[in-house]
Each structure stands twice: as structure tokens, then as C-alpha cells.
Amino acid sequence: MNASDPRSLLYRQITPDEALAVTRDTLRACDDGELYMQFIASETFAFDDGRLKTADYARDAGFGLRGLSGEMTGFAHANEISLAAIRRAGETLQLLDPAKGEAAPPPRQNNRHLYTDASPLDAINFAEKVRLLETIDAAARARDPRVVQVSASLAATWSVIEIVRADGFTAHDVRPLVRLNVGIVVEQNGRRETGSFGIGGRRLYDDLFLPETWNRAIDNALAQALVNLDSVAAPAGECQVLLGPGWPGVLLHEAVGHGLEGDFNRKGTSAFSGRIGDRVGAPGVTVIDDGTLLGVNGQGRRGSLSIDDEGTPTQENVLIEDGILKGYMQDRLNARLMGVPATGNGRRENYAHAPMPRMTNTFMRAGNDNPEELLSRMKSGIFAKSFGGGQVDIVSGKFVFSCTEAYKVENGKLGAPIKGATLIGDGPTVLTKVIGIGNDMQIDEGVGICGKGGQSVPAGVGQPTLLVDGLTVGGTG
């Protein structure tokens with residue numbers, strides 16, 4: 001890799017002038033579109049069952065050429081960045097009807113950079129990465145005699161992108177991303193339970209190799225597993241639910257966030273379609289999507305981007321303010337067709353995919369309530385501290401989420417941990433049932449992966465402690 005000039009990894013068979021010329025030629029009959037070039041290097045190390053199970057390294061480079069004419073999109077991609085390949089891709093765009101309107105203006109320029117250009121793959125050698133995972137494995141097993149299985153993984157990507165438009169606009173970004181995960185299985189009296197913890201973001205590996213970081217990962221994963229050893233069957237029925245801060249914001253992401261993306265609302269298929277200015281949440285409920293958030297050492301959080309995958313700078317977008325719906329997340333296509341500005345939410349998994357409106361870091365702002373006071377208000381219900389997987393229907397907003405760590409609440413105090421609890425409801429209704437908003441807003445530690453339309457992108461979630469007056473809990477007790 002050429003860290004001193006990352007763009008040279010894109011311009012090996014083509015020059016910047018040639019890239020601009022071929023983009024102008026292939027998009028001449030379109031009213032918007034771009035040539036998106038990308039180089040990506042990735043690595044994954046997985047330590048499981050006391051030995052290194054996976055050590056993968058991959059490099060890839062390619063382009064996606066997209067042309068837009070009205071509501072029509074033409075898209076072609078290839079894993080070879082050459083003049084001939086781009087011209088062949090341009091033949092696809094000839095199937096579009098010629099644009100009848102004015103060409104869309106370019107994105108505004110952006111000089112803000114939220115993360116380092118350096119590659120996390122290069123800074124630490126192979127042996128040190130394997131040694132870290134061995135150390136985590138040994139330390140976790142030594143923590144408690146009930147630990148019977150440890151899984152530890154380390155992953156990183158380093159991506160260089162360049163966006164070239166027919167109007168002469170160009171933008172590039174160099175994006176690091178790292179992640180450390182620890183999973184622990186404990187056994188007691190023939191019963192096995194699991195716990196996990198992950199951390200990461202758009203930065204180098206540096207802080208992940210600090211003992212205080214990986215020991216915290218072990219402690220959190222082990223604590224969750226041991227709590228679940230004592231869990232009892234979850235009760236079923238409707239009750240008050242206290243949602244913990246940070247990662248439980250994944251419920252907000254799925255149940256509400258996707259419904260606020262521009263494409264679903266332009267097509268009228270979201271539960272929030274046509275409701276700008278309406279009250280959609282309780283007073284105090286303010287939901288933000290912000291691709292500019294910084295985390296460890298002033299580096300970007302997992303969902304942060306200096307620019308989106310169309311070249312639009314990311315920004316803070318207020319989606320719901322004090323319970324009132326204010327706007328949607330937009331890419332360029334949906335923004336143009338809805339007559340609103342693009343919001344920096346045009347994202348794609350990689351060069352082989354066209355962009356669509358996607359979340360970055362989506363969270364609810366803190367309120368004024370003391371979390372302990374919110375707990376004390378509850379006669380009975382459950383406290384959901386952490387979530388696993390979930391599903392949501394965009395049209396209705398209905399969701400089902402499984403809890404990985406949850407507790408009964410009785411007379412304002414935490415009771416026994418519970419197992420097998422699922423939360424069932426719909427996003428729009430949940431927002432109206434919020435009766436307490438904590439002053440402890442947290443963003444997750446950097447492990448979120450968001451799926452939509454067959455594409456996966458890294459994302460951040462967050463919220464303060466929330467008291468919801470009435471959610472259906474599915475359980476076995």
C-alpha cells in the first residue's frame with residue numbers, strides 16, 4: 001500500500017484526467033450520477049477453542065458507474081479500474097431515457113476529516129495480533145473456573161474511495177475501521193450460558209491493544225454470561241419496560257430509524273410517510289442521525305463518515321424534535337425527487353452497489369431524568385440492559401427484539417435476571433409511550449452492522465435510559 005498517496009491505489013491503469021473525461025462522456029445524457037472508485041484491504045483474526053481458527057487477508061479494487069435520469073437508475077460495476085472497463089460499463093447507461101431536466105448540482109465541498117488516513121492493517125505485525133488474542137483467551141479462562149469456552153476476534157478494513165462527477169466535482173476519502181470482539185461461555189451444574197462484548201470504530205488498533213481495553217471486554221462478556229447463569233424464565237404479557245443506555249438504541253435504529261429513510265417515505269411505504277410536522281413521539285423525544293460524531297482519541301465513531309458515498313458531507317440531522325417529526329434521511333436521488341436537500345446519508349456497501357439512504361449514527365438525545373429515579377417509579381416490569389437480534393417491518397414499524405441481558409423489576413428494584421425475553425411492538429407507538437428519558441445518553445461501543453436491500457454497512461446507535469409505559473414482552477414464564 002502507498003500510505004503517502006492512497007489515491008495511487010486507484011489510479012494504476014487510469015489517470016485522474018482520463019477518469020473525469022470518461023465520466024463526462026458516459027454520463028452526458030444523465031441528470032446525476034458518478035464514478036465511484038474504491039480500493040479496500042481487510043483482515044480478520046479469530047481465536048476459538050484455544051487456537052487460531054481464522055487468519056484472513058483480502059484486497060479488492062473496482063468501480064461502480066451510476067447514471068440517473070429522472071427516477072430511472074442505470075448502474076454497472078467491475079473489479080478492474082481501467083478506461084476500457086468504465087467505457088463498457090457506460091454502455092448500460094445508454095438504456096436510460098435522456099434526462100429532460102437540468103443537471104443536479106454537485107455536493108458542497110468538504111475539508112473536514114474525521115479519522116486518520118493511516119492503515120490499521122500495517123501498524124501492528126501479524127504475530128502481535130495473534131498474541132493479543134492468545135492473551136485474551138488465557139486471561140478470560142483464568143478469570144473464573146466456570147469459563148469453558150472463549151472466542152476472540154480482531155478485524156480491520158482500510159478503504160480508499162474517490163468520487164468523480166461529470167460536472168468536474170471530485171472527492172476522496174480514506175476510511176479505517178477496527179473491531180475487537182470477545183465471547184465467553186460459562187457452565188455451572190450442567191447449564192451453559194453466553195456473554196459477549198465488542199468495541200471498535202474508525203481508528204487504528206492502538207487502544208484495542210491496551211490491557212485496560214481488552215480486560216474491560218473480558219469483564220463485560222463474563223459478567224453477562226454469569227448473570228445469565230442465574231436467569232429464570234421471562235414473564236409474558238404487557239408491562240412497563242426500562243431500556244438501558246447505549247446499545248439498546250439498536251431498537252430505536254430498527255423500529256424507528258429505517259422508517260425515517262427517504263426512499264421509504266418517497267414511496268409512501270413507511271409508517272412515517274407524509275407526517276412531517278406531526279407529533280410522532282412523546283414530549284422530550286428527540287431523535288438525531290449524525291455522521292460527524294467522534295469517539296476515542298477524537299477519531300470517528302463506527303457510523304461516522306467525512307463524506308457519504310455520493311460525496312455529500314455528513315452532518316447532524318434532527319429527525320424528530322421534542323416529539324415532532326422534522327425530516328427524513330436523504331441520498332441525492334430521493335432528495336431531488338422530494339424537493340429537499342441531501343443530508344449526507346447516501347451509503348453503499350462497496351463499489352459493487354448503488355447508494356441508498358442509510359443511517360450513520362442514530363440516537364435519542366438525553367433528557368433530565370435520573371436513571372435510578374426511573375427505576376424507582378416502576379411497580380413491576382422488566383429492565384432490558386442488552387439486546388441481541390431483531391426484526392422490523394418498515395411499513396407498519398412492528399418489531400420483535402430478543403434480550404441478551406434483562407431483569408425483572410419489582411417495587412422499584414431490580415429482581416432476578418430473566419432469560420428468553422422478547423420485546424414486541426411498533427416503533428411509532430413506542431415513541432408515544434416514553435414516560436421517562438434519562439440524563440445518561442450513550443453511544444454504543446462500535447459494533448453495529450446495519451442491513452438493508454442486501455447491503456451491510458457499519459452504523460452507530462445510542463440512547464439514554466428510557467422508561468416505556470407498556471410494551472408486550474414475549475416469554476416462557
Side-chain angles (χ1 to χ4, degrees), residues 23-24 26-36 64-77 90 92-108 110 163-167 169 171 256-278 280 287 289 291 305 307-320 324-349 353-360 362 394-397 450 452-455 457:
T23 301
R24 281 177 168 156
T26 54
L27 299 184
R28 64 185 182 277
C30 301
D31 53 21
D32 205 359
E34 71 285 310
L35 173 66
Y36 180 92
L65 181 67
R66 182 180 65 146
L68 301 173
S69 181
E71 296 189 28
M72 297 178 64
T73 298
F75 181 76
H77 65 90
T92 302
L93 308 187
Q94 295 176 14
L95 301 174
L96 296 173
D97 294 333
K100 296 177 181 178
E102 290 186 13
R108 68 183 188 278
N110 179 48
I163 296 163
V164 181
R165 293 175 47 85
D167 51 28
F169 171 95
V256 177
H258 280 298
L260 297 176
E261 291 168 335
D263 47 355
F264 297 125
N265 288 282
R266 178 174 66 85
K267 297 170 185 175
T269 57
S270 166
F272 296 100
S273 297
R275 299 190 63 190
I276 298 291
D278 290 356
V280 296
V287 179
D289 184 85
L305 292 168
I307 55 173
D308 72 4
D309 292 320
E310 299 177 301
T312 305
T314 55
Q315 62 188 37
E316 179 190 82
N317 296 303
V318 179
L319 306 173
I320 299 171
I324 306 300
L325 182 60
K326 294 293 186 178
Y328 307 121
M329 291 166 279
Q330 303 285 3
D331 63 355
R332 288 179 59 84
L333 170 63
N334 286 280
R336 176 166 54 86
L337 295 175
M338 294 179 76
V340 296
T343 60
N345 291 93
R347 304 188 64 189
R348 62 183 101 200
E349 180 175 330
H353 300 272
M356 63 176 82
R358 304 292 299 269
M359 285 173 274
T360 57
T362 311
I394 300 299
V395 176
S396 64
C450 173
K452 175 183 174 181
Q455 298 188 44
V457 297

- Flag side-chain contact, heavy atom, 4.5 Å: Ile324 against Asp278: no

- Any side-chain heavy atom of Thr23 sitting closer than 4.5 Å to one from Glu34? no

- Message: I'd like to know if Arg336 pairs up with Glu102 as an ion pair, taking the criterion as any Lys NZ or Arg NE/NH1/NH2 lying under 4.0 Å from an Asp or Glu carboxylate oxygen.
- Response: no

- For Pro107 against Gly311, the heavy-atom pair lying closest together: CB-O, 3.5 Å

- Query: Can Arg348 be said to sit on top of Tyr36's aromatic six-ring, NZ or CZ under 6.0 Å from centre and within 45° of the ring axis?
  - Reply: yes

- Message: Looking at Asp331 and Arg347, is there a salt bridge between them, counting it only when a charged N and a carboxylate O are closer than 4.0 Å?
- Response: no

- Taking only Lys NZ, Arg NE, NH1 and NH2, and the carboxylate oxygens of Asp or Glu, determine whether Lys452 and Glu349 approach each other closer than 4.0 Å. no

- Message: Under a 3.5 Å distance rule, please check whether Gln330 uses its side chain to pair with a backbone N or O of Thr343 as donor and acceptor.
- Response: no

- Task: Determine whether Leu319 and Asn317 make a side-chain contact, defined as any pair of heavy atoms from C-beta on separated by less than 4.5 Å.
- Result: yes

- Asn345 and Asp308: side-chain donor and acceptor closer than 3.5 Å? no

- Message: Quick one, Arg358 with Asp309, criterion salt bridge (Lys or Arg N to Asp or Glu O under 4.0 Å). Give me CA distance, side-chain angles, the key distance, then yes/no.
- Response: CA-CA 10 Å; Arg358 304 292 299 269; Asp309 292 320; over 6 Å; no

- Query: Do the non-hydrogen side-chain atoms of Phe272 and Leu325 ever get within less than 4.5 Å of each other?
  - Reply: yes

- Query: Does the Thr312 side chain pair with the main chain of Gly344, one donor and one acceptor, at a distance under 3.5 Å?
  - Reply: no

- Query: Counting distance only, does the side-chain N/O of Gln455 pair as donor-acceptor with the main-chain N or O of Ala354 below 3.5 Å?
  - Reply: yes

- Taking atom types as modelled and ignoring hydrogens, do the side chains of Ser69 and Asp31 form a donor-acceptor contact shorter than 3.5 angstrom? no

- Item | Where Arg66 and Phe75 come nearest, the two heavy atoms and their spacing | CB-CD1, 3.8 Å

